[in-house]
Amino acid sequence: MPIFEQYNKSFLNGQWTEGKSERVGKIINPYDESEIAAVKLATKGQVKEAFEIAKQAQKEWAKTTADERKAVLKKAADYLKEHKEDVQKTITRETGGTAVKAGVEIGLTIGLLEQAVKYAGELDEIKEISDPIEGKVNHVHRLPLGVISSISPFNFPMNLSMRAIAPALALGNAVVHKPDLQTGLTGGVILAKAFEEAGLPKGVFNMILTDLEEIGNEMLENPIPRLISFTGSTPVGKLIGRIAGENFKRVALELGGNNPFVVLSDADVDRAVDAAIFGKFIHQGQICMIINRLIIHKAVYEEFKQKFVERVKQLPAGDPSDPNTVIGPLMNKNQLNKALQIIEKAKQKGVNIALEGRAEGNVLTPFVFSEVDNSSELAQTELFAPIASLIKAETDEEAIELANDTQYGLSSAIFTTDLEKGEQLALQIDSGMTHINDQTVNDSPVVPFGGNKQSGMGRFGYPWVIEEFTVTKWVSLQTKYRTYPF
């Protein structure tokens with residue numbers, strides 16, 4: 001059995017601390033709905049305390065050398081590598097993720113730590129800028145922001161937490177982190193344990209196991225954090241944006257997506273189908289970057305549809321602990337019911353069903369709708385489920401227009417045999433990321449990851465993340481006496 005269930009507490013000031021609330025939260029296996037752990041919830045007062053602790057600890061952490069910070073990050077990565085099997089089992093049990101998903105998630109998490117090791121020395125870099133005033137030397141420094149408020153979701157809780165935590169720590173900041181309680185082990189406990197074993201000084205990383213009912217907006221409204229990092233829904237992102245704006249806090253937001261997968265008239269259909277299967281159905285479609293709309297040129301539409309449906313029929317669904325499973329459970333009954341409501345509405349409106357799935361427990365086998373109208377509710381809803389929408393485009397130009405016809409702009413993909421044309425069209429899609437001859441679910445610690453429009457603000461990935469997690473400071477040195485006009 002994985003070892004992490006025993007740490008069913010918050011991690012405050014370097015100590016595993018039981019919540020002071022009278023309420024108890026349950027962490028449930030989404031496949032068989034068995035209880036994994038029970039957590040006494042942290043209170044609003046404990047969250048306030050965590051920010052005060054982080055504020056004090058950050059002052060000393062900011063004084064550490066780059067080598068000291070690098071050593072901690074490297075040891076945390078080593079801990080995850082050493083306990084990889086237990087971590088992957090926990091990911092599967094807690095998130096309903098398949099073996100493929102669990103492997104991807106821990107790989108991305110370790111990669112984020114290892115990349116952060118490489119840029120921990122950025123605080124020591126001083127940029128010198130010439131000045132027309134005689135004798136003036138300008139130095140531009142980067143300093144830590146201070147304390148970061150980090151909030152992560154249930155779908156990929158480990159790497160989406162570490163995406164903010166690793167750069168924050170590498171650059172001399174302290175962190176108060178709240179994972180989604182449903183995945184509190186994967187998104188919080190495992191990370192806290194890794195940093196504890198790595199020797200991170202007490203109070204630099206604090207992890208809170210609680211829920212919104214218990215703490216309200218304290219993670220957003222507390223005056224101490226200088227940046228709020230959040231991955232989740234666009235409505236919540238808008239709330240965070242309003243609160244942050246009123247309090248002059250920075251934000252790093254990855255929000256919803258309605259990601260188009262565009263198949264042009266000259267595409268290799270077999271390759272496009274391969275990519276679409278993975279990009280639509282990894283982790284049951286519960287990813288912000290997942291393919292939401294498949295937009296296919298009419299010249300290849302029928303061929304794509306036939307091959308895609310045949311492949312989808314073959315996807316094994318069921319127990320995520322079975323290494324052959326591709327489609328595991330949705331996160332909870334609420335997520336399942338949302339998906340079923342979307343399906344029922346589409347049926348009532350007469351949308352063509354190319355493949356009808358079924359619900360078995362929290363497992364929803366794939367549905368494929370075809371000849372979908374891009375302006376329909378089905379096409380304009382972030383599905384977050386194994387539901388595919390096939391949309392026919394009359395021309396390549398219309399395909400790009402349809403791709404842009406959404407309030408979101410996170411990820412996108414184009415399939416074509418003409419790479420030059422593909423890149424030109426990629427620049428016409430209003431999204432933060434476009435992948436040519438690949439699917440929409442791509443991430444890396446060395447690229448500018450983020451969305452446009454209502455899909456978010458800010459960019460993760462080195463070196464862009466440096467700007468997000470530091471403050472720029474101008475120091476001028478007047479080396480010669482300056483003559484003033486009065």
Side-chain angles (χ1 to χ4, degrees), residues 1-5 26-37 80-110 153-160 180 182-187 189-190 273-287 289-291 308-340 343 355-368 383-388 439 441 443:
M1 291 290 289
I3 64 174
F4 300 108
E5 288 92 332
K26 302 282 182 73
I27 298 176
I28 303 297
N29 182 324
Y31 178 65
D32 61 15
E33 297 188 314
S34 62
E35 182 179 313
I36 298 172
L80 295 178
K81 292 175 185 176
E82 290 164 12
H83 295 83
K84 187 174 181 180
E85 184 177 347
D86 280 345
V87 171
Q88 288 179 302
K89 286 179 180 177
T90 304
I91 292 171
T92 293
R93 292 183 70 223
E94 194 178 44
T95 74
T98 63
V100 170
K101 187 265 190 184
V104 167
E105 183 160 9
I106 190 171
L108 288 170
T109 305
I110 292 168
F154 67 74
N155 56 342
F156 270 70
M158 181 175 285
N159 69 289
L160 294 180
D180 188 313
Q182 296 176 97
T183 51
L185 302 180
T186 309
V189 165
I190 294 173
V273 169
D274 285 344
I277 293 292
F278 178 85
K280 174 64 250 185
F281 296 109
I282 181 174
H283 198 40
Q284 300 74 262
Q286 298 177 117
I287 306 175
M289 291 179 286
I290 209 77
I291 296 170
F308 180 78
V309 170
E310 285 305 310
R311 285 283 303 281
V312 175
K313 286 179 181 177
Q314 299 168 24
L315 296 178
D319 186 349
S321 65
D322 182 337
N324 295 314
T325 297
V326 172
I327 306 293
L330 294 175
M331 189 61 209
N332 51 47
K333 276 285 185 285
N334 186 45
Q335 292 298 122
L336 174 68
N337 289 336
K338 283 182 181 178
L340 293 175
I343 291 164
L355 177 64
E356 183 155 13
R358 65 192 182 281
E360 298 177 352
N362 286 336
V363 176
L364 181 67
T365 65
F367 277 75
V368 179
L383 301 170
F384 234 62
I387 304 168
Q439 42 73 48
V441 184
D443 199 356

Inset, instruction - Might you point out which heavy atoms bring Thr325 and Gly328 nearest each other, and give the distance in Å? - result: CG2-N, 4.1 Å
Inset, instruction - Determine whether Ile290 and Ile282 make a side-chain contact, defined as any pair of heavy atoms from C-beta on separated by less than 4.5 Å. - result: yes
Inset, instruction - Start with the C-alpha gap between Met331 and Thr183, add the side-chain angles, then the distance that decides, and say whether side chain to side chain contact (heavy atoms under 4.5 Å, CB included) holds. - result: CA-CA 10 Å; Met331 189 61 209; Thr183 51; 3.8 Å; yes
Legend entry - Side chains of Pro153 and Asp180 in contact at under 4.5 Å (non-hydrogen atoms): no
Inset, instruction - To the nearest 0.5 angstrom, please state how far the CG atom of Asp86 sits from the CD1 atom of Ile91. - result: 11.0 Å
Legend entry - Shortest non-hydrogen contact between Thr365 and Ala317, atoms and distance: CG2-CB, 3.9 Å
Legend entry - Check: Pro30 main-chain N/O paired with Asn362 side-chain donor or acceptor under 3.5 Å: yes
Inset, instruction - Would you check if Val104 and Val441 make a side-chain contact, meaning some heavy-atom pair closer than 4.5 Å? - result: no
Inset, instruction - Specify the closest pair of heavy atoms between Pro320 and Gly96, including all atoms of both residues, with the distance to one decimal. - result: CB-O, 3.5 Å
Inset, instruction - Could you tell me whether the side chain of Ile277 reaches within less than 4.5 Å of the side chain of Phe308, counting heavy atoms only? - result: yes
Legend entry - Donor-acceptor under 3.5 Å (Lys280 side chain, Ile387 main chain): yes
Inset, instruction - Could you tell me the separation between the CG atom of Asn155 and the CG atom of Leu330, rounded to the nearest 0.5 Å? - result: 11.5 Å
Legend entry - Ala99 to Pro323 - nearest heavy-atom pair and separation: CB-CA, 4.4 Å
Inset, instruction - With the side chain counted from C-beta on, respond yes when Thr186 and Phe154 share a heavy-atom pair under 4.5 Å apart, and no when they do not. - result: no
Inset, instruction - Measure the spacing between CG of Leu160 and OG1 of Thr109 and express it to the nearest 0.5 Å. - result: 8.5 Å
Legend entry - Taking every non-hydrogen atom, the tightest pair across Leu364 and Ile327: O-CG2, 3.5 Å
Legend entry - Distance-minimising heavy-atom pair for Val100 and Phe278: CG1-CE1, 4.5 Å
Inset, instruction - Starting at OG1 of Thr90, measure out to CD of Gln88 and round the result to the nearest 0.5 Å. - result: 10.0 Å
Legend entry - More than 12 heavy atoms from other groups under 6.0 Å of CD on Glu85: no
Inset, instruction - With the side chain counted from C-beta on, respond yes when Met158 and Val87 share a heavy-atom pair under 4.5 Å apart, and no when they do not. - result: yes
Inset, instruction - Measure from NZ or CZ of Lys101 to the centre of the six-membered ring of Phe156, then state whether that distance is under 6.0 Å and the direction lies within 45° of the axis. - result: yes
Inset, instruction - Kindly indicate whether the side chain of Phe281, heavy atoms from C-beta on, has any atom under 4.5 Å from the side chain of Val312. - result: yes
Inset, instruction - State the CD1-CD distance between Ile28 and Glu94, to the nearest 0.5 angstrom. - result: 10.5 Å
Inset, instruction - Check whether any side-chain heavy atom of Gln284 lies under 4.5 Å from a side-chain heavy atom of Thr98, and answer yes or no. - result: yes
Legend entry - Pairwise distance CD(Gln182) to CD1(Ile27) - rounded to 0.5 angstrom: 9.5 Å
